[in-house]
Amino acid sequence: FLYFHLQKNTRFGGSEIMAIGDLFFNNGVSFVTADGRLGDKKTTPVNRIAGTPNGLVRWESGEIRAAQWLEQGSGTAGEQATKSKKLKEVWAARIPFGGISLIAAGQTIVSAGKSLDRFGVSTLEVDTQQSRWSAEVDSTPWGLAVADQRLYVSTEQGTIYCFGAD
């Protein structure tokens, strides 16, 4: 599609965007990439959602929640069948830090945010749903990136952390 149907989709929309498969999420609301139709109206801020090969993960109330895509068909005899995708939650796991940024890197989920009066970043393994590693940072962790087996975290104070296996 070539444009976003702002008026047709009422008040949904914003500047944060993430695309995965045949959907894109704009300010946490899903839309069909092919034609811009509104998808599921449940909203989750995009910085708290990450795409995975089978679905997506999101942070909510101290937990990482994983959901898988399910295809649903509709239409009656004589009508053209249409397929839509819905998400089904498959697991949830507690994680020390979260609520600000979230990314998926292979089979690892990286979550960053606040826990009580501390800021930090934590990893969670998808296969075991266990938090594997955490580290504190100096302020709100806004940016997350993974490259060359290293995790980069940028904070509100302007610090860029690089965490690696060595």
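On a predicted model such as this, the values are computed, not experimentally measured, just so you know. What you see below is based on every heavy atom in this structure, not just the backbone, and it leaves out hydrogens, waters and symmetry mates.
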Inset, instruction - Could you tell me whether the side chain of Val146 reaches within less than 4.5 Å of the side chain of Tyr152, counting heavy atoms only? - result: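 No, too far: nothing below the 4.5 Å cut-off.
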
Legend entry - Within-4.5 Å side-chain heavy-atom neighbours: Thr52 and Val126: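 Of all side-chain heavy-atom pairs linking Val126 with Thr52, none is under 4.5 Å.
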
Return the [atom1] to [atom2] distance between [X] and [Y], rounded to the nearest 0.5 Å.
X      : Y      : atom1 : atom2 : value
Ser111 : Ile103 : OG    : CD1   : 10.0 Å
Asp127 : Thr108 : CG    : OG1   : 8.5 Å
Arg58  : Arg65  : CZ    : CZ    : 5.5 Å
Glu156 : Thr159 : CD    : OG1   : 11.0 Å

Inset, instruction - Identify, with sequence neighbours excluded, every residue that meets ring pair (Phe, Tyr, Trp, His ring centres under 6.0 Å) alongside Phe163. - result: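 Trp133, Tyr161.
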
Legend entry - ring pair (Phe, Tyr, Trp, His ring centres under 6.0 Å) against Trp91, all qualifying residues, sequence neighbours excluded: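 In terms of ring pair (Phe, Tyr, Trp, His ring centres under 6.0 Å), with neighbours along the sequence ignored, Trp91 is linked to no residue.
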
Legend entry - With Trp59, the side-chain contact (heavy atoms from CB on, under 4.5 Å) member among Ile100, Ile109, Ile64, Ile49: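 The option that passes is Ile64.
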
Inset, instruction - Taking all non-hydrogen atoms of both residues into account, name the closest pair between Glu136 and Arg118 and its distance. - result: OE2-NH1, 2.8 Å

Under 3.5 Å, side-chain donor or acceptor atoms of residues 92-99 against the rest of the protein: list the pairs with distances, not counting sequence neighbours.
residue : atom : partner : partner atom : Å
Arg94   : NH1  : Ser61   : O            : 3.1

Inset, instruction - Look at the side chain of Ser101 and the backbone N and O of Trp142, then say whether any donor-acceptor pair between them is shorter than 3.5 Å. - result: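 Between the backbone of Trp142 and the side chain of Ser101 there is a qualifying donor-acceptor contact (under 3.5 Å).
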
Legend entry - Test item: Ser131 side-chain N/O and Leu124 main-chain N/O as donor-acceptor pair under 3.5 Å: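 Checking the backbone N and O of Leu124 against the side chain of Ser131, no donor-acceptor pair under 3.5 Å is found.
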
Inset, instruction - Following the transitive rule for hydrophobic clusters with a side-chain heavy-atom cut-off under 4.5 Å over Ile, Leu, Val, Met, Phe, Trp and Tyr, establish whether Leu102 and Phe119 coincide in one cluster. - result: no

Legend entry - Chi angles and distances behind the side-chain hydrogen bond (donor to acceptor under 3.5 Å, both in side chains) call for Ser139, Thr155: CA-CA 6 Å; Ser139 59; Thr155 70; 3.3 Å; yes

